[in-house]
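In what follows, chains carry the letters A, B, and so on, assigned in the order in which the sequence lines appear, proteins first and then strands, with residues in each chain numbered from 1.
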There are 4 protein chains.
Amino acid sequence: MPIIVDKDRKRRDILQAAMRVFARDGYHRAKMEAVAEEAGIGKGTVYEYFKSKTDLFLVLHDHMLAELKDFYMKELAGIQQPAAILERFIAVAFQTFRVWEPFFLVFFDFWAEGGRGEQQALLQTRLREAYAVARADVAAIIAAGVKDGSFRCDNPSLAAASILATLDGLVLQWLCDRDAFDLDAMRETLTQGILRGLQP
Amino acid sequence: MPIIVDKDRKRRDILQAAMRVFARDGYHRAKMEAVAEEAGIGKGTVYEYFKSKTDLFLVLHDHMLAELKDFYMKELAGIQQPAAILERFIAVAFQTFRVWEPFFLVFFDFWAEGGRGEQQALLQTRLREAYAVARADVAAIIAAGVKDGSFRCDNPSLAAASILATLDGLVLQWLCDRDAFDLDAMRETLTQGILRGLQP
Amino acid sequence: MPIIVDKDRKRRDILQAAMRVFARDGYHRAKMEAVAEEAGIGKGTVYEYFKSKTDLFLVLHDHMLAELKDFYMKELAGIQQPAAILERFIAVAFQTFRVWEPFFLVFFDFWAEGGRGEQQALLQTRLREAYAVARADVAAIIAAGVKDGSFRCDNPSLAAASILATLDGLVLQWLCDRDAFDLDAMRETLTQGILRGLQP
Amino acid sequence: MPIIVDKDRKRRDILQAAMRVFARDGYHRAKMEAVAEEAGIGKGTVYEYFKSKTDLFLVLHDHMLAELKDFYMKELAGIQQPAAILERFIAVAFQTFRVWEPFFLVFFDFWAEGGRGEQQALLQTRLREAYAVARADVAAIIAAGVKDGSFRCDNPSLAAASILATLDGLVLQWLCDRDAFDLDAMRETLTQGILRGLQP
DNA sequence: GATGAATGAGAATTCATTCAT
DNA sequence: CATGAATGAATTCTCATTCAT
């Protein structure tokens, strides 16, 4: 079914284009025309693939999260020890700071929009679920460590929330000012701090 | 005999109104007319006090930060021990989660806009400076603890950055989902974690 | 009656200010506030002296024309010979080019507005009357010359109209481009041409 | 398959509509919506063809001048004798009084705006160039007459400036008051006067 | 009288979306 | 399917005018 593949490909292209444009201009300032141009297609064509700007935004959220999760899965695959997984997890997070910069700039918009449940109920739901999943994933790693005795933690979900929060907060701070702190030093210090905090 | 009006007072009123409206609708969706209405004045009057929507936004940023800082100063006044200051600092931060909810929703917009230096260079600069000041303030507390031997920390600025990041990230997560975690439990765990991390 | 004199004085000041501001910015772009500022008074005070912007504009027209006529009267007083009067009249017109530059810039607006009878019926009427009076005045000079045998002219009113037209057109051209022609050369040539055209 | 539209045709339609609306209401009073309505299109469509109201005004100036020049070229084509050309030139000018009435009303606005170099530098430049070209064209006719001995004139450019000025001034006067003078009588008298003034 | 703070009608401009081709 | 011309709702900002003091 080559047609389906083709449509899917184009859909993906538009999403990529949207990410770049939204990252550059911000969701509200970004024009659908700019997205189309970036994707190398006509303005009207975007609407063949996405119902509206909001829809595109929503789908982009899912798409980006899926890509991010894929990335993590690949990078974390095969590691056995919970501590090693956690260390690698943090390292990957710091990698994304640099590599996925546009990704996070768009996330600023997701946060800003999702914070207003009234206006963007669907996005807020998505954001909640995404956070819940992420917390669960990280909590699972911690729980595994607790189980095998390498970690000590009364509330893995809470710990997961705070780890995620720290990483979010760091990308926020770093994207506002690349000189806020040294990425490598921060990664090392943070890793040590978190692992020590989980020590039995 | 010109009409005597407390221009400063009115300016503040408009800023308060803007905060509420921006918090509710988001900066971009918010209409200047809505701000005026919220302030109980006419549309044109807003422009007597602020040059433009952008200007209002910018001034609001400074105003909100100043208020926040005031709040912290008052709450932290008189505490002597660095560890006590830090503990109280975190506690105050968690207080603000609930009380200053609109404040943080608007901050989402500051971050989203400030992340785009191209569009909002002035805001970005403001954001950078604000972060730098906050880091310096927290770092100073830590450094004081290092000096009096109650803390051990190789890089207070780095530690400050990560503490601030965690708090930012938590408010982000919590505003997206009030059920993400229990505020009190998180505060306690986090406080312990941070203080233990700084133990000599 | 010093009060009346005072009010009259202020009225005149406002008119002068309006002329300068209208000349600089154009009638439509000019703000009433700028007129007030130029006159050194408060914005509201202008409305104590003039009902509206349109009213101010209208009165300014009359005021400027009266001043112009005064100027001509003084300069032409005492000259006896029709040819000498006409020559002097043209010379005075050229003088005004330089000296009354703002005056004519405002006249551009009178013409532009007065051309639209629908919008500015009163101004159009004023403009018509002013032109009629000017034509009659110049025609009278020519008629005097015809009477005393120094001129020959079948239709003094028509000749007057064309003389006035030439002067208007020249100021128009000159204010658009000060290098369009040399004022002195033009004055001489024009004077000769007109006088020769009226030679018996 | 994009919709095939004669963009040039539509552009011209909008310009024609703008001319009518600007002539009726004046540039500043005219609303872009009125222009759109007159052109039978939507408000936003005008902006697909012209960047702004100012841009539309500027392009209209060039467009109108080009049309006027075309008209003159056609009417003057094939005439050989300088005196005949000049006579015809004046006759055509008087024709335009009646036929191109909206044209000249809009020109009032060009003059009023162009006189303020600060506000409308581009228009002023255009106006200057247009005048310079017109002077050169008329001067060339006179110079040709001087060359073949049919005219005598020391300064054709100066003469051209004054001829153009007279015509401009007459249209100004006539549009303010259609009863100011009889067009035909004026044309005849003026033609005679100018030709006599150029007699060897 | 004088003032300038307040106002809101009004206008330019933008841009998501539609739809004829 | 793809396109981009057309659209008008929506929004920012301006400024003449009013009126309480």
Side-chain angles (χ1 to χ4, degrees), chain A residues 3 6-7 10 28-37 39-57, chain B residues 1-7 10 28-37 39-56, chain C residues 3 6-7 10 28-37 39-57, chain D residues 1-7 10 14 25 28-37 39-56:
Chain A
I3 293 164
D6 222 28
K7 278 208 84 173
K10 202 161 209 169
H28 280 103
R29 268 189 240 280
K31 303 183 216 170
M32 289 299 268
E33 190 167 9
V35 173
E37 203 178 359
I41 59 176
K43 205 188 337 179
T45 309
V46 179
Y47 286 87
E48 296 286 327
Y49 291 84
F50 301 94
K51 213 168 66 251
S52 64
K53 196 183 182 185
T54 305
D55 180 44
L56 174 59
F57 193 51
Chain B
M1 262 170 288
I3 303 168
I4 293 162
V5 173
D6 192 339
K7 285 204 115 189
K10 200 160 217 168
H28 280 104
R29 266 189 246 280
K31 293 184 255 178
M32 289 300 266
E33 193 164 10
V35 172
E37 205 176 356
I41 58 176
K43 196 184 359 164
T45 309
V46 179
Y47 287 90
E48 295 285 324
Y49 291 83
F50 300 94
K51 224 177 42 256
S52 64
K53 194 181 181 186
T54 304
D55 181 42
L56 174 58
Chain C
I3 293 164
D6 221 30
K7 279 207 78 171
K10 204 162 209 169
H28 279 104
R29 269 189 240 279
K31 303 182 216 172
M32 288 300 267
E33 190 165 10
V35 172
E37 203 179 358
I41 60 175
K43 206 190 332 179
T45 309
V46 179
Y47 286 88
E48 296 285 328
Y49 292 84
F50 300 94
K51 213 168 65 250
S52 65
K53 196 181 182 187
T54 306
D55 180 43
L56 174 60
F57 193 53
Chain D
M1 260 171 290
I3 302 167
I4 294 162
V5 173
D6 192 340
K7 284 205 115 187
K10 199 158 216 167
I14 296 173
D25 301 336
H28 280 102
R29 265 190 247 278
K31 293 185 254 179
M32 287 301 264
E33 194 165 7
V35 172
E37 204 176 356
I41 59 177
K43 198 183 355 162
T45 308
V46 179
Y47 287 89
E48 296 284 324
Y49 292 84
F50 300 94
K51 220 173 49 254
S52 64
K53 196 181 180 186
T54 306
D55 181 43
L56 175 59

Check: When you check the phosphate oxygens OP1 and OP2 of F/dT3, does a side-chain N or O of A/Y47 lie under 4.0 Å from one of them?
Finding: no
Note to self: For DNA chain F, please output the secondary structure as dot-bracket, reading 5' to 3'. Pairs are Watson-Crick or G-U wobble, both atom distances under 3.5 Å; mark crossing pairs with [ ], other-strand partners with |, unpaired with a dot.
What the structure shows: .||||||||||||||||||||
Notebook entry, point to check: When you check the phosphate oxygens OP1 and OP2 of E/dT3, does a side-chain N or O of C/T45 lie under 4.0 Å from one of them?
Noted result: yes
Note to self: Is there a side-chain contact between B/K7 and the phosphate of E/dA5, meaning an N or O under 4.0 Å from OP1 or OP2?
What the structure shows: yes
Note to self: Can you see if the side chain of A/K43 gets near the phosphate of F/dT3 - specifically, an N or O under 4.0 Å from OP1 or OP2?
What the structure shows: no
Note to self: Between D/V46 and C/A30, which residue's closest nucleotide on DNA chain F lies nearer the 5′ terminus?
What the structure shows: D/V46
Note to self: Under the rule for ring pair (Phe, Tyr, Trp, His ring centres under 6.0 Å), what residues qualify as partners of A/F57, not counting sequence neighbours?
What the structure shows: A/F22, A/Y27, A/F110
Next item on the list: Indicate whether OP1 or OP2 belonging to F/dT11 is found under 4.0 Å from a side-chain N or O atom of B/K31.
Entry: yes
Check: Counting any heavy atom closer than 4.0 Å, what does D/A36 reach on the DNA or RNA strands: base, sugar-phosphate only, or nothing?
Finding: nothing
Notebook entry, point to check: Using a cut-off of less than 4.0 Å, is there contact between a side-chain N or O of C/K51 and OP1 or OP2 of F/dT17?
Noted result: no
Next item on the list: Tell me which nucleotide among F/dT7, F/dA2, E/dT3 gets nearest to the side chain of A/K10.
Entry: F/dA2
Check: Of all the nucleotides listed (E/dA6, E/dT17, F/dA2), which has the minimum atom distance to the side chain of B/Y49?
Finding: E/dA6
Check: Start at the 5' end of DNA chain F and walk down; is the nucleotide closest to B/G44 or to C/E48 reached first?
Finding: B/G44
